[in-house]
Amino acid sequence: MPTKLIRLSETDSTNRFLRDYTPAADEPLTVCVADYQTAGRGCGSNTWESERGKNLTFSVLTHPTGLAPTKQFLLSMAGALALKQVLDGLVNDITLKWPNDIYWRDCKLSGTLIETRLSGSTIRDCIFGIGLNVNQRQFLSDAPNPVSLYQILGHEVDQESLLQHIIEAFTNRMQMLADGCADDILNDYKNSLYRREGYHHYRDPKGEFEAAIIDVEPDGHLLLRDRQGELRRYAFKEVGFGEK
């Protein structure tokens, strides 16, 4: 699968850049990487702290084939698994915090903001906006638990090589979707979940509770069972992870 790689020294947002970009007909995967984003953000109103040139801040534009909007979470899972696959080759203890954050132990290593555009009854485009902490040595924002590969490994990582491996992994995961391997992606995702075993603390609008992860449904809903045996089903932003 050919990939177009666009490099920018600075931009407001690589997601915004790709929203305005028109790919060639033979360009199924487009990657825009920037040394620095002036308006990089996470989900909702969250911002993403990234020292200039020290981390990977990039977006991936893909064009799924025949994927209904109700299946959007498959894209989220596939993208998260691509990142995990590469990071597993560098460090141990990488997990996927529902819905698509990359965690090392109890610290956030990477976050992804996903945007989709529809064409009729199918998803036409999907943009993954990714921030991956690579060589940053110190974090100054009030984010609760950031970590970088440098802090884990004690040395810098070749960002160019890392990016190329991520692009390759993305290509493979998108091909799995195109080949109809949705069940494999779903199973891989469930097996990679942060706190996938045992009871842990969660919080919803009604308060704090302890629960175990029972399932993640294909549409992305998280299914928990609390200590009283009650099943609780949540969409994104309806439940949060509490402290251990």
Side-chain angles (χ1 to χ4, degrees), residues 41-49 68-88 90-114 116 128 130-133 139 141-149 151-152 173 176-177 181-244:
R41 64 188 182 94
C43 294
S45 60
N46 297 334
T47 59
W48 183 264
E49 178 188 358
T70 56
K71 303 293 186 181
Q72 175 179 326
F73 196 66
L74 284 170
L75 291 165
S76 177
M77 289 187 285
L81 286 167
L83 287 168
K84 182 182 186 302
Q85 175 185 328
V86 175
L87 293 169
D88 281 341
L90 297 173
V91 296
N92 296 323
D93 303 325
I94 297 294
T95 56
L96 306 181
K97 182 183 175 186
W98 177 84
N100 58 13
D101 285 341
I102 308 296
Y103 262 46
W104 175 77
R105 298 180 182 175
D106 291 316
C107 296
K108 185 173 179 177
L109 185 58
S110 176
T112 300
L113 175 67
I114 297 176
T116 56
F128 300 81
I130 298 165
L132 174 59
N133 299 326
F139 294 90
S141 75
D142 57 0
N145 58 344
V147 71
S148 68
L149 289 174
Q151 291 174 327
I152 298 169
R173 287 290 175 175
M176 285 182 67
L177 278 182
C181 300
D183 287 345
D184 292 336
I185 288 174
L186 182 58
N187 289 332
D188 287 350
Y189 177 84
K190 291 177 185 179
N191 290 331
S192 302
L193 280 173
Y194 174 69
R195 296 186 178 179
R196 67 184 179 275
E197 296 179 353
Y199 284 83
H200 299 276
H201 291 276
Y202 296 87
R203 61 182 180 275
D204 65 11
K206 295 181 180 180
E208 299 268 350
F209 62 97
E210 285 191 349
I213 294 176
I214 301 302
D215 198 7
V216 176
E217 298 173 344
D219 64 359
H221 282 86
L222 179 67
L223 190 63
L224 303 175
R225 177 179 287 120
D226 63 25
R227 289 283 192 180
Q228 291 69 46
E230 178 185 353
L231 290 177
R232 300 175 179 230
R233 183 173 182 264
Y234 296 98
F236 180 49
K237 292 292 189 183
E238 292 181 348
V239 67
F241 288 73
E243 297 295 328
K244 283 193 171 182

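Computed from a prediction, not measured in an experiment: that's the story for all the values here.
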task: Answer yes or no: is there a side-chain heavy-atom contact under 4.5 Å between Leu75 and Phe128?
output: yes

- request: Quick one: closest heavy-atom pair of Asn133 and Lys108, and the distance?
  value: ND2-O, 3.6 Å

message: For a 4.5 angstrom cut-off between non-hydrogen side-chain atoms, does Leu224 reach Ile213?
response: yes

Closest heavy-atom pair and its distance - Asp101, Gly111: OD1-CA, 3.6 Å

- prompt: Is any side-chain heavy atom of Pro69 less than 4.5 Å from a side-chain heavy atom of Thr116?
  reply: no

For the student: nearest non-hydrogen atoms of Ala80 and Leu96, plus distance: O-CD2, 3.7 Å

- prompt: Could you give the distance from CG (Leu113) to OG (Ser76), rounded to the nearest 0.5 Å?
  reply: 10.5 Å

- line: Heavy-atom nearest pair, Tyr189 first then Pro99, reads OH-O, 2.6 Å

query: Is any NZ, NE, NH1 or NH2 atom of the basic residue among Asp204 and Arg232 found under 4.0 Å from an Asp or Glu carboxylate oxygen of the other?
result: yes

task: Carefully, step by step, assess Asp106 and Tyr194 under the rule side chain to side chain contact (heavy atoms under 4.5 Å, CB included).
output: CA-CA 9 Å; Asp106 291 316; Tyr194 174 69; 2.6 Å; yes

task: Grab the two heavy atoms, one from Gln151 and one from Phe139, that are nearest each other, plus how far apart they are.
output: OE1-CE1, 3.5 Å

- request: Before giving the answer on side chain to side chain contact (heavy atoms under 4.5 Å, CB included), spell out for Asp93 and Trp104 the whole-Å C-alpha distance, their side-chain angles and the decisive distance to 0.1 Å.
  value: CA-CA 6 Å; Asp93 303 325; Trp104 175 77; 4.1 Å; yes

message: A side-chain contact here means heavy atoms from C-beta on lying under 4.5 Å apart; do Ile94 and Leu83 qualify?
response: no

task: Give the intermediate values and the outcome of side chain to side chain contact (heavy atoms under 4.5 Å, CB included) for residues Trp98 and Val239.
output: CA-CA 10 Å; Trp98 177 84; Val239 67; 3.7 Å; yes

query: For the atom pair CE (Met176) and CG (Asp183), what is the distance rounded to the nearest 0.5 Å?
result: 10.0 Å

message: Given 3.5 Å as the limit, does a donor-acceptor pair link the side chain of Ser110 with the main chain of Gly131, or not?
response: yes

- prompt: Nearest 0.5 Å, what's the OG1-CZ distance between Thr95 and Arg196?
  reply: 7.5 Å

- prompt: Should we count NZ of Lys97 as having more than 12 external heavy atoms under 6.0 Å?
  reply: yes

- line: Closest non-hydrogen contact found for Leu87 with Leu109 is CD1-CD2, 3.8 Å

task: Look up atom CE in Met77 and atom CG in Leu193, then write down how far apart they are to the nearest 0.5 Å.
output: 10.0 Å

message: Quick check: Tyr103 with Phe241 (ring centres under 6.0 Å apart)?
response: no

message: Just verifying a value: how many Å separate Tyr234 OH and His221 NE2, rounded to the nearest 0.5 Å?
response: 11.5 Å

query: Does a side-chain heavy-atom distance below 4.5 Å link Leu132 with Ile102?
result: no

query: Are any of the side-chain heavy atoms of Arg173 and Asp188 separated by less than 4.5 Å?
result: yes

